[in-house]
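Below, chain A is the first sequence line, B the second, and so on; all start at residue 1.
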Number of protein chains: 2
Amino acid sequence: MRDVAELAGVALTTVSRAFSDPGKLAPETLRRIESASANLNYTVNLNARSLRRRSSDAVLVLLPDIANPFFSLVLKGIEEAARESGRVLLVGDTGSDATLGDSYAGQLEARTVDALILLDGRLPFRPGSPARARLLRSPVVAVSERVAEAGVPYVGIDNVAAARDVAHLLADLGHRRVAHIGGPAGNSLTQEREIGFSAGACERALWLGGMVTGDFSIRSGRDTAAVILSWPDRPTAVFAANDEMAFGAIHAFKAAGLRVPEDMSVVGFDDIAFSEIHDPALTTVRQPRRAMGRTAMAVAAAQIEGTPLPASTVILAHELVLRASAGQAPSAANAKRKRVAFERAPF
Amino acid sequence: MRDVAELAGVALTTVSRAFSDPGKLAPETLRRIESASANLNYTVNLNARSLRRRSSDAVLVLLPDIANPFFSLVLKGIEEAARESGRVLLVGDTGSDATLGDSYAGQLEARTVDALILLDGRLPFRPGSPARARLLRSPVVAVSERVAEAGVPYVGIDNVAAARDVAHLLADLGHRRVAHIGGPAGNSLTQEREIGFSAGACERALWLGGMVTGDFSIRSGRDTAAVILSWPDRPTAVFAANDEMAFGAIHAFKAAGLRVPEDMSVVGFDDIAFSEIHDPALTTVRQPRRAMGRTAMAVAAAQIEGTPLPASTVILAHELVLRASAGQAPSAANAKRKRVAFERAPF
DNA sequence: CGAAACAATGAAACCGTTTTCATTGGCGGT
DNA sequence: ACCGCCAATGAAAACGGTTTCATTGTTTCG
């Protein structure tokens with residue numbers, strides 16, 4: 001920068017301004033500086049800038065599994081919004097290791113990032129610890145899954161209402177006996193979807209045959225579906241707490257000789273990309289994942305800039321996507337052949 | 001740091017050493033410093049460290065689509081390896097905008113990252129430009145897709161051999177007429193797979209009915225499959241250059257009333273997670289995506305540290321995964337060619 | 001016409017580390 | 001007792017920007 005200043009015949013300070021607040025400079029001066037720095041291939045050193053400014057224009061995203069299509073599309077939304085606001089993205093895959101979040105969150109204290117976006121519902125550091133307390137004073141936002149601690153802004157959908165919608169849909173289709181494959185215990189999404197589904201079932205006098213617990217994996221969907229098949233009073237419809245488990249369940253049902261949806265309806269949750277090309281195409285709840293990501297970034301940005309948040313909780317609209325995997329209940333099929341509105345051909 | 005030094009009764013320098021090279025300190029001194037910094041909740045400011053050390057322990061990954069399951073698993077491998085080597089990951093989604101790579105790559109010049117890992121085959125900056133020249137002197141590695149410029153280390157599989165394997169497989173299954181749905185022109189993967197497949201077809205005297213060009217999307221697989229169906233001499237097997245296009249093709253074939261694999265075999269490439277769940281399960285070429293990511297990070301690390309690279313090109317083993325979507329060719333006797341229905345014409 | 005506000009620039013302090021070089025005392029070898 | 005060596009520590013100079021405050025002319029306005 002000193003060299004640029006010299007070549008342009010101005011002070012160091014002026015060159016700095018040329019890059020951080022060009023409007024304050026006389027046009028002629030600015031031009032000279034630009035030409036000088038072009039000649040010298042000059043680029044501002046962002047470490048020095050961050051050091052002095054005490055902010056890095058970077059945001060850290062913590063998620064349990066980058067390779068999971070649900071998260072990766074949220075991530076894409078975050079990335080877009082980050083880029084548009086001149087920020088850069090750091091990602092950490094915390095996986096199953098609970099301590100990884102802590103070490104990643106150290107980046108916040110180390111001033112490498114300005115904010116933390118949490119997709120795994122696990123707020124780093126031990127509750128009550130000083131580190132946790134400091135974290136709560138920093139820009140943090142939870143997406144999709146809530147964190148236990150109060151005061152952390154949240155971006156997501158109304159999972160209770162969405163699950164209730166599913167129950168109502170199944171009732172509309174004539175089902176009387178239904179079951180639920182839930183996510184892992186302790187997960188906020190699991191709880192909300194269970195609550196919503198049982199509430200909706202109750203409202204429509206559906207007999208909720210039982211809830212089984214999976215772990216959001218295809219395999220667990222298959223395994224829990226096998227359990228459901230063994231019940232004496234088999235349900236005619238199953239609501240899985242995410243699409244992967246729904247795929248697994250459908251697989252198990254098919255393997256057991258049942259047709260989906262003729263003999264068994266299955267509804268998923270999330271509407272990941274593969275759901276529409278699955279055979280049968282999956283009826284599911286669409287989450288606006290990209291918008292969730294963008295919104296999360298916006299909330300983080302507001303916190304960084306000190307702008308007052310519009311609300312500490314942003315609930316986006318979900319959408320029930322009717323496809324082939326959920327149909328009329330077997331008994332009701334003959335009675336009335338009411339066709340639900342199917343989506344137009346996928347892709 | 002000054003406060004910690006004061007509290008521990010040592011010089012600033014010594015505290016610095018406690019965090020960057022603790023072995024050089026007397027155990028007792030180290031203990032005092034650790035206790036002091038714990039009391040003060042001290043954390044090293046990584047911006048200052050990077051500024052002084054002129055390295056950031058961060059790596060930038062550029063990819064065309066984070067939400068694409070192929071890339072996201074490679075990314076996961078990179079993340080793991082980065083974390084294990086004490087590095088942190090920046091990701092940029094360059095999408096279809098060719099200039100985004102340039103602005104992201106600025107992070108390298110700005111000293112925010114130490115290396116660049118390219119998944120999109122597009123080396124930033126105009127060829128021949130000074131910026132490009134400087135980039136080539138920095139740690140850069142290409143994964144999966146090659147970059148045009150020589151001298152950039154590459155990590156991937158032998159796409160030619162893999163595509164040839166597919167041709168041989170189809171020949172072994174008794175197919176005589178085959179077709180290929182390729183990726184977008186100009187893509188190195190597209191070219192290599194085309195070359196390998198036609199070579200393999202030639203070796204086994206397969207009649208390569210034609211090559212159509214898709215863009216790696218499900219939709220393009222469906223559309224190009226419709227084109228293939230319109231050919232007078234319809235092939236009995238199709239090799240798609242990735243799994244998504246294979247899914248789209250299968251969908252189109254099914255919609256036209258063909259059974260897969262009885263009437264038409266389909267082979268994909270990549271083995272993404274849903275390929276085995278798909279109905280029919282997809283026969284495909286598995287790429288060791290996670291290992292590719294880890295290896296790429298290792299190559300980048302070697303460049304950063306100045307360690308001589310074992311090789312400028314690392315080729316990992318691929319694997320032909322035999323599933324249901326590719327089967328025996330319909331025997332000539334039974335080959336009463338099914339009439340295809342164009343009820344749901346894509347146009 | 002004079003005071004005050006303003007626009008454009010510069011000098012210098014500061015951000016928080018790392019690293020070179022110097023200093024000190026202890027130690028083994030002769 | 002001397003010399004050199006080494007381990008442990010400290011003083012001070014970077015690293016490359018930003019920002020406060022001061023210093024100029026130049027307007028503007030009463």
Side-chain angles (χ1 to χ4, degrees), chain A residues 1-37 40-58 86 88 106-114 134 304-305, chain B residues 1-37 40-58 86 88 106-114 134 304-305:
Chain A
M1 198 177 223
R2 192 180 345 113
D3 296 345
V4 173
E6 205 164 317
L7 183 56
V10 296
L12 193 63
T13 310
T14 308
V15 180
S16 171
R17 288 205 184 92
F19 287 96
S20 49
D21 194 0
K24 290 258 176 273
L25 293 194
E28 163 61 14
T29 315
L30 185 55
R31 204 197 49 68
R32 279 216 317 284
I33 293 178
E34 276 169 351
S35 116
S37 44
L40 298 176
N41 286 322
Y42 171 75
T43 318
V44 279
N45 181 315
L46 294 183
N47 287 315
R49 169 177 286 179
S50 299
L51 173 59
R52 178 62 224 226
R53 283 196 179 160
R54 308 160 141 272
S55 81
S56 55
D57 289 342
V88 87
Q107 299 283 331
L108 241 190
E109 309 230 306
R111 321 235 63 150
T112 298
V113 300
D114 295 340
R134 265 169 289 141
I304 292 170
E305 289 154 12
Chain B
M1 201 177 223
R2 196 183 338 116
D3 296 345
V4 173
E6 206 165 314
L7 183 55
V10 296
L12 192 62
T13 310
T14 309
V15 179
S16 171
R17 288 204 184 94
F19 287 95
S20 48
D21 193 1
K24 290 258 176 272
L25 294 193
E28 163 60 14
T29 315
L30 184 56
R31 205 197 48 70
R32 281 214 317 282
I33 292 177
E34 276 169 352
S35 119
S37 46
L40 297 176
N41 286 321
Y42 169 76
T43 318
V44 187
N45 181 315
L46 294 183
N47 286 315
R49 169 176 289 180
S50 299
L51 173 58
R52 181 59 225 228
R53 282 197 182 159
R54 307 160 143 274
S55 82
S56 56
D57 288 341
V88 87
Q107 298 283 331
L108 242 191
E109 309 229 308
R111 323 232 62 149
T112 298
V113 300
D114 295 339
R134 265 170 289 138
I304 293 170
E305 289 154 13

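Contact annotation: S16(A) does not reach the phosphate of dT19(D) (side-chain N/O to OP1 or OP2, under 4.0 Å). For T14(A) and dG10(C), the shortest distance from a side-chain N or O to OP1 or OP2 is below 4.0 Å. Here T13(B) does not reach the OP1 or OP2 of dT19(C): none of its side-chain N or O atoms lies under 4.0 Å away. At dT18(C), one or more side-chain N or O atoms of R53(B) fall inside 4.0 Å of OP1 or OP2 (strictly under the cut-off).
The pair E34(A)-R31(A) fails the salt-bridge criterion, with no side-chain N (NZ, NE, NH1 or NH2) lying under 4.0 Å from an Asp/Glu carboxylate O. Ion pair E6(B)/R2(B) not flagged as a salt bridge, since none of the NZ, NE, NH1 or NH2 atoms sits closer than 4.0 Å to an Asp/Glu carboxylate oxygen.
Checking T29(B) against R111(B), the closest nucleotide of DNA chain D that is more toward the 5' end is the one next to T29(B). Heavy-atom nearest nucleotides on DNA chain C were determined for R17(B) and for A48(B), and the one closer to the 5' end corresponds to A48(B).
Rounded to an integer number of Å, the gap from CG of D21(B) to C1' of dT20(C) is 15 Å. A straight line from CG of L30(A) to C1' of dA7(C) spans 15 Å, rounded to a whole angstrom. Separating the CZ atom of R2(B) from the C1' atom of dC14(C) is a distance of 11 Å, rounded to the nearest angstrom. Distance NZ (K24(A)) to P (dT20(D)): 13 Å, rounded to an integer number of Å. The distance between atom CZ of R54(A) and atom C1' of dC14(C), rounded to the nearest whole Å, is 10 Å. Rounded to an integer number of Å, the gap from L12(B) CG to dT18(C) P is 9 Å. Nucleotide dT9(D) holds its P atom 8 Å from the CD1 atom of I33(B), rounded to whole Å. One interatomic measurement links the two molecules: OH of Y42(B) to P of dG16(C), which rounds to 9 Å at whole-angstrom precision.
Counting non-hydrogen atoms under 4.0 angstrom, T43(A) reaches the backbone sugars and phosphates but no base. Contact annotation for L25(A): backbone-only contact, meaning every heavy-atom pair under 4.0 Å involves sugar-phosphate atoms and none involves a base. Residue V10(B) is classed as a sugar-phosphate contact, given heavy-atom separations below 4.0 Å to backbone atoms only.
In plain terms, the two heavy atoms of T112(B) and S56(B) that are nearest each other are O-OG, 2.8 Å. In plain terms, the two heavy atoms of D57(B) and D114(B) that are nearest each other are N-OD2, 2.7 Å.
Across L40(A), V10(A), T14(A), L12(A), a single residue satisfies side-chain contact (heavy atoms from CB on, under 4.5 Å) together with V4(A), and that is L40(A).
Nearest nucleotide to the N45(B) side chain, out of dT17(C), dA11(D), dG10(C): dT17(C). Proximity note for L51(B) (side chain, C-beta onward) versus dC15(D), dT9(D), dT17(C): the nearest is dC15(D). For R52(A), whose side chain is taken as the heavy atoms from C-beta onward, the closest listed nucleotide among dG10(D), dT17(C), dT18(D) is dT18(D). Considering only side-chain atoms of A26(A), the nucleotide from dT9(C), dG17(D), dT18(C) that sits closest is dT9(C).
With values rounded to the nearest 0.5 angstrom, K24(A) atom NZ is found 13.5 Å from L30(A) atom CG.
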